[in-house]
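Single-structure report; data block below.
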Amino acid sequence: MTDLLEKGTSLWIDAWHRLRRNWMAVASGILVLFLAVAPYGFDAIDPARIGQMPSWRHWFGTDILGRDLLTRVLFGLRISLAVGVTATAVSLVIGVGWGGIAGLLGGKVDYIMMRFVDILYSLPYMFFVIILMTIFGRNIVLLFFALGAVQWLTMSRIVRGQVLSLKHKEFVEAARAVGLRRRTILVRHLLPNTLGPVIIYMTLTIPRIILEEAFLSFLGLGVQPPMASLGSLTSDGAQSMEIYPWLIIFPSVVLATLLFAINYLGDGLRDALDPRIRKE
Amino acid sequence: MAPLLDLRDLKVYFPVSRGVIFRRHVGIVRAVDGVSFAIAPGETLGLVGESGCGKSTVARAILRLVSPTAGEILWDGEDLARAPAAVMRRRRRDLQMIFQDPYASLNPRMTVGDIVAEPLKTFRLAQGKALKEEVQRLMHLVGLNPRYIRRYPHEFSGGQRQRIGIARALALRPRLIVADEPVSALDVSIQAQILNLLMDLRQQFGLTYLFISHDLAVVRHVSNRIAVMYLGKIMEIAEADEIMAQPLHPYTQVLLSAVPIPDPVAERERRRIVAKGDLPSPLNPPAGCPFHTRCPFVMPHCKTTEPPLKEYNAAHLVACHLMELPREQLPSAYVDVRVTPAHV
């Protein structure tokens with residue numbers, strides 16, 4: 001019987017096959033991975049080579065303490081990526097859960113849950129993160145969670161809107177007619193159909209969080225020296241850009257490339273996860 | 001024979017309100033307002049009426065997809081209208097539904113196999129290999145190639161998608177299938193295929209259908225009896241042949257006279273009775289007979305007194321004051337139609 005069947009696979013394996021055909025997304029994915037390996041120690045100081053121009057030995061030049069900028073950029077990138085991805089994951093879990101439940105239950109529960117979101121919206125979230133960071137100390141893991149915890153609001157609104165529009169579709173009624181419980185309907189029928197907008201929003205959230213981390217680093221609340229993130233490197237570079245222009249050019253070019261790659265990867269993922277985009 | 005499904009004075013009202021915390025009731029939509037009918041085992045009851053008359057709400061209330069406001073839904077003598085959720089979940093095995101829109105009724109992110117398997121998994125009727133074989137058997141049954149089990153709904157045409165919906169409804173081997181406009185979204189050529197499939201399945205499994213449509217030609221093709229609904233109420237109910245030959249209610253006559261005849265000569269001769277104006281809002285239904293605002297034969301007391309649904313001929317129920325009049329007092333246009341069953 002089985003050999004008579006068309007070859008078939010799960011949504012995720014299917015998605016992987018489709019993703020592989022999208023070369024821009026693959027190139028972006030490889031770039032994102034590649035950017036996460038590095039040659040020198042991130043805090044290795046070479047006192048003989050302070051503030052050097054880019055050369056064969058130090059491709060991106062060295063900073064005012066004589067540290068290899070390429071290494072620091074690559075290390076910074078890892079931190080930035082880690083912050084971006086972790087915080088986005090945190091916002092994804094909270095946002096999808098909150099929005100999904102609000103949309104599914106509707107009525108008063110939805111009203112109360114969404115007013116709570118509105119109240120959080122009205123708080124200056126950076127202020128909120130700064131308070132968190134000063135109370136709980138400058139812990140980098142905490143930074144991940146704090147940024148994620150203020151980023152879930154829009155995600156929950158998007159998911160709620162999607163669930164509200166989907167829950168009266170006939171395929172959801174069909175699931176109810178079969179006697180599925182609401183929880184199962186949410187997980188099996190509603191949330192998978194919100195994937196498109198959710199992934200798009202995720203790829204917008206990662207860059208935003210990276211930029212916010214840069215801002216926090218600028219205020220001295222983010223990543224602490226001698227560690228580096230793309231944000232802190234850029235803000236350091238900005239202070240001495242008249243004398244050492246490469247100190248701002250390289251980190252910002254890498255930051256821009258990273259954000260660009262993440263957006264392409266996200267586009268590719270969204271298309272790959274949509275079975276309606278035909279496999280040829 | 002004891003009816004399989006017996007609706008008694010079913011009412012489904014939707015409150016219209018504004019605001020969430022300070023709720024203000026703006027009004028009530030009486031989508032279904034006192035509907036009673038029974039379906040015998042093996043019978044197909046056609047339910048016709050124009051858009052917005054509440055026929056889909058009746059279907060959704062029977063499956064408890066909306067909660068009935070009042071009345072009883074007797075299933076084998078047990079009232080489903082007030083059955084606890086757990087009891088209702090078990091009963092769902094016997095009652096299934098085919099939906100109108102073959103595009104909206106299938107989850108675009110699930111394969112056909114998963115869609116058809118879902119009812120079986122929910123009731124834990126089969127697992128693993130047996131589950132797959134059962135799904136393939138069902139696909140074969142509704143005329144789909146079982147090889148396509150891994151395909152997604154978008155890879156099928158409208159008619160094939162409706163077959164998937166039928167396979168899903170059949171999976172639990174239900175006794176009653178509520179078909180809510182199952183062919184109205186399909187091309188005419190495909191409609192015939194799906195109708196024939198439904199009738200084959202009825203014969204094969206002894207199914208009972210509640211068949212909802214706005215298309216009289218389709219309903220009379222499949223139904224044993226036909227009920228005509230208007231503004232949440234039953235206007236007329238009778239055997240299909242009887243209602244086609246002897247439509248007693250003016251609304252039924254209006255509906256029948258709107259059906260074109262596939263014979264140019266007869267079509268030119270066809271007399272049309274036309275209802276005036278539009279369907280009134282169910283938010284603010286007319287007093288008296290709900291049809292009086294549009295009825296070509298309206299009488300003064302139609303505007304104040306609602307006619308009861310009463311039996312006139314054998315098993316032929318009509319809700320119309322005209323039935324009380326002696327024959328010679330009937331409006332001439334009305335008698336005309338009654339005497340000439342015309343094209344049917």
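The chains referred to below are lettered A, B, ... by the order of the sequence lines, with proteins before strands, and numbering in each begins at 1.
Formation of a donor-acceptor pair under 3.5 Å by the A:Lys167 side chain with backbone atoms of A:Gly103 is found in this model.
The cationic atom of B:Arg150 (NZ for Lys, CZ for Arg) does not lie both less than 6.0 Å from the six-membered ring centre of B:Tyr148 and within 45° of the ring axis. Taking the ring centre of B:Tyr13 as origin, the terminal cationic atom of B:Arg30 falls inside the region bounded by 6.0 Å and 45° from the ring axis.
For B:Met110, the part lying near chain A is the side chain, with the backbone staying farther off; criterion is any non-hydrogen pair under 4.5 Å. Heavy atoms of B:Arg93 lying under 4.5 Å from chain A are absent altogether. Heavy atoms closer than 4.5 Å to chain A are found nowhere in B:Tyr103, neither backbone nor side chain.
Heavy-atom pairs under 4.5 Å with chain A were tallied for B:Gln96, B:Met88, B:Glu118; the largest tally goes to B:Glu118. The most heavy-atom pairs under 4.5 Å with chain A, out of B:Leu65, B:Thr122, B:Leu63, come from B:Leu65. In terms of heavy-atom pairs under 4.5 angstrom with chain A, the leader among B:Asn145, B:Ile98, B:Leu106 is B:Leu106. Looking only at heavy-atom pairs under 4.5 Å with chain A, the residue among B:Arg64, B:Met97, B:Gln100, B:Arg90 that has the most is B:Gln100.
A salt bridge links A:Asp118 with A:Arg115: the closest approach of a Lys/Arg side-chain nitrogen to an acidic carboxylate oxygen falls below 4.0 angstrom.
Counting heavy atoms of neighbouring residues, nucleotides and ligands inside a 6.0 Å radius, atom CZ of B:Phe205 exceeds 12 of them.
Between the side chains of B:Thr111 and B:Arg151, no donor-acceptor pair is found at a separation under 3.5 Å.
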